[in-house]
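Convention: sequence-line order gives letters A, B, ...; per-chain numbering from 1.
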Protein chains: 2
Amino acid sequence: MSERELRRNLAILPIGTIRELTLLTDRQIRYYEQNELVSPTRGKGGQRRFSLNDVDRLLEIKDFLDAGDSIKDIQEIFAKQRRKAVGKQDSESALRRSLQKEFAQIGRFNH
Amino acid sequence: MSERELRRNLAILPIGTIRELTLLTDRQIRYYEQNELVSPTRGKGGQRRFSLNDVDRLLEIKDFLDAGDSIKDIQEIFAKQRRKAVGKQDSESALRRSLQKEFAQIGRFNH
DNA sequence: GTATCATGTCATATAACCTAACATATATTC
DNA sequence: GAATATATGTTAGGTTATATGACATGATAC
């Protein structure tokens, strides 16, 4: 895993930050976790820790729900994505794409 | 300001995260803030919010202190850095340098 | 040896987060 | 159209995290 990906996977953000970055409610975030759409780790005291990738994930979920997809639909969509990603190697172009996604997310936050 | 810089300046990290990323104690972090070496913003309830740049900053402070510099020394060092940075334009090479610093920091965390 | 510096520690208060349960509006199914 | 399912709101009670301020302390400097 590249260092960039490593950084984006660092689970360091508490739910309050996620709430602000995604404009989702705690209830929604926990519900999506319950349905295994995101899998935050837990800190020492049992509190959720999210990564920047989780932020992406949650914004995607939001879009899918807005588009009329159900939680189950989204579970399948993500499962398909995972299958496609199997065996795919890190590449310069993949890195570039992930960078673009990152920028897109920040742009959204600072609309 | 570039989007990368924007992202690195987003104050979204609580002190607990900073503690883990820097291995500093809360006491140290607050003391450095008190001495204006870092300037976290405050969230709704008054809690500190740090950025990734603050993490860099704190790691630098740590190094300077380990090297025998005093808080006041470090204040002056930072003041000098700010003066040098005045009028400096964003450039590709600056971006590349900041990227390297970013990687260095993550590397340190995962050493 | 006394003053300063950087940090530890403790007390007390508030904010953030946790889980679980019940409520509800909207859409779906029979 | 009554019953079900889905996604979310809301409330309650408990635990963890963070804030501030005060006092303590080991090291260094003078």
A:L23 CG - D:dT8 P separation (whole Å):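 Those two atoms, CG and P, are 14 Å apart.
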Can you check the A:F64 CZ to D:dT6 C1' distance for me, whole Å?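 Distance check: A:F64 CZ to D:dT6 C1' gives 19 Å.
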Mind checking side-chain contact (heavy atoms from CB on, under 4.5 Å) for B:T41 and listing every partner two or more places apart, or none if nothing turns up?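 B:T41 satisfies side-chain contact (heavy atoms from CB on, under 4.5 Å) with B:A11, B:R49 once adjacent residues are dropped.
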Salt bridge (Lys or Arg N to Asp or Glu O under 4.0 Å) partners for [X], two or more places apart:
| X | result |
| --- | --- |
| B:R19 | B:D26 |
| B:R57 | none |
| A:R42 | A:E33 |

Going 5' to 3' through nucleotides 5-20 of chain C and flagging B where a protein heavy-atom sits under 4.0 Å of the base, S where only the sugar-phosphate is that close, and - otherwise, we get SBBBB-----SSSBB-
Determine all donor-acceptor pairs shorter than 3.5 Å in which one atom belongs to a side chain in residues 66-80 of chain B; sequence neighbours excluded.
from	atom 1	to	atom 2	distance (Å)
B:S70	OG	B:K72	N	3.4
B:S70	OG	B:D73	N	3.1
B:S70	OG	B:D73	OD2	3.3
B:D73	OD2	B:S70	N	2.9
B:Q75	NE2	B:N35	O	2.8

